[in-house]
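Report on one structure; see the data block that follows.
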Amino acid sequence: MKQRKIFDIHTHILPGVDDGSDSMRTTMKMLKMAYRQGARAVIATPHGSASRVSPSQCRDLLEMIQEKSQKELPKLKLYLGEEVFYSRESVQHLNRGKLITMADTSYVLTEFPYTISYRDLYSAVRELVWARYRPILAHIERYSCLRDSDCTEELSECGAYLQINFSSIGGSCLNSTVRWSRRQLMAGRIHFLGSDMHNLKSRRPEFVKAIEWMERHLEEDYLGEILWKNAKKMVRDEQV
Ligand SMILES: [Fe+2]
């Protein structure tokens with residue numbers, strides 16, 4: 001099996017910032033683990049709400065990682081973003097630069113309480129879109145309102161982009177999250193994939209099983225889009 005290039009748009013690799021990597025050493029190990037499996041571009045997306053550091057400190061940390069990885073992983077490209085926990089102030093904070101968009105584009109990785117109602121999720125998407133942002137809904141497989149309904153297409157039509165985690169594709173087919181995620185992929189509704197890596201153990205970068213399943217069940221063109229091409233467009237701030 002040929003190794004595929006992966007663009008991982010959802011990671012917690014900034015050391016000491018949130019519940020992700022605890023040190024620069026762990027960060028480099030996580031990146032190497034991802035690189036060995038094909039990751040060639042990674043966006044660091046720390047939890048904004050839990051972040052103990054400012055956007056400018058996040059930028060400094062990313063630069064430090066970039067310096068280190070240039071020597072050890074020269075083909076790896078790194079970008080900065082943030083996993084924004086949506087609130088009524090999010091748009092204001094985005095406008096004022098208090099929150100970080102994906103690679104300084106109009107795309108915003110956004111998460112919500114898992115129990116959010118569909119109505120609230122829909123109106124949050126509308127609000128972000130009206131403010132000229134492009135919301136990417138993080139790990140949509142976790143929201144019960146989406147699992148219980150069949151509204152992912154309607155959210156996309158409203159301007160949302162949908163991300164699921166690699167771990168929700170490669171798991172056991174007895175798992176209902178895996179089954180739901182695979183159905184969304186087979187319907188072509190997903191725009192981006194992310195590892196959501198936090199550490200080297202329980203939430204480490206793991207792509208291989210997910211890619212094996214996708215190679216068996218998805219069209220080659222679509223697989224190329226969700227693994228690489230859509231994210232490339234996103235970091236250029238082009239429409240996906
Ligand atoms: Fe995350």
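Indexing begins at 1, ligand by ligand and atom by atom, following the structure's order. Residue numbers count from 1 along this sequence.
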Next item on the list: Output, by chain and residue number, all protein N/O/S atoms separated from the Fe ion (ligand 1) by less than 2.8 Å.
Entry: His10 NE2, His12 NE2, Glu83 OE1, Asp196 OD1
Check: So, are Arg189 and Glu153 salt-bridged, with charged N and O less than 4.0 Å apart?
Finding: yes
Check: For Arg25, does the CZ atom sit with more than 12 other heavy atoms under 6.0 Å from it, leaving out its own atoms?
Finding: no
Notebook entry, point to check: Which heavy-atom pair separates Glu141 from Thr177 by the least distance, and what is that distance?
Noted result: CG-CG2, 3.7 Å
Check: Is the shortest side-chain N to carboxylate O distance from Asp104 to Arg59 below 4.0 Å?
Finding: yes
Notebook entry, point to check: Any chance the rings of Tyr133 and Tyr107 have centres within less than 6.0 Å?
Noted result: no
Next item on the list: Validate the cation-pi geometry between Arg40 and Tyr35: distance from NZ or CZ to the six-membered ring centre under 6.0 Å, angle to the ring axis within 45°.
Entry: yes
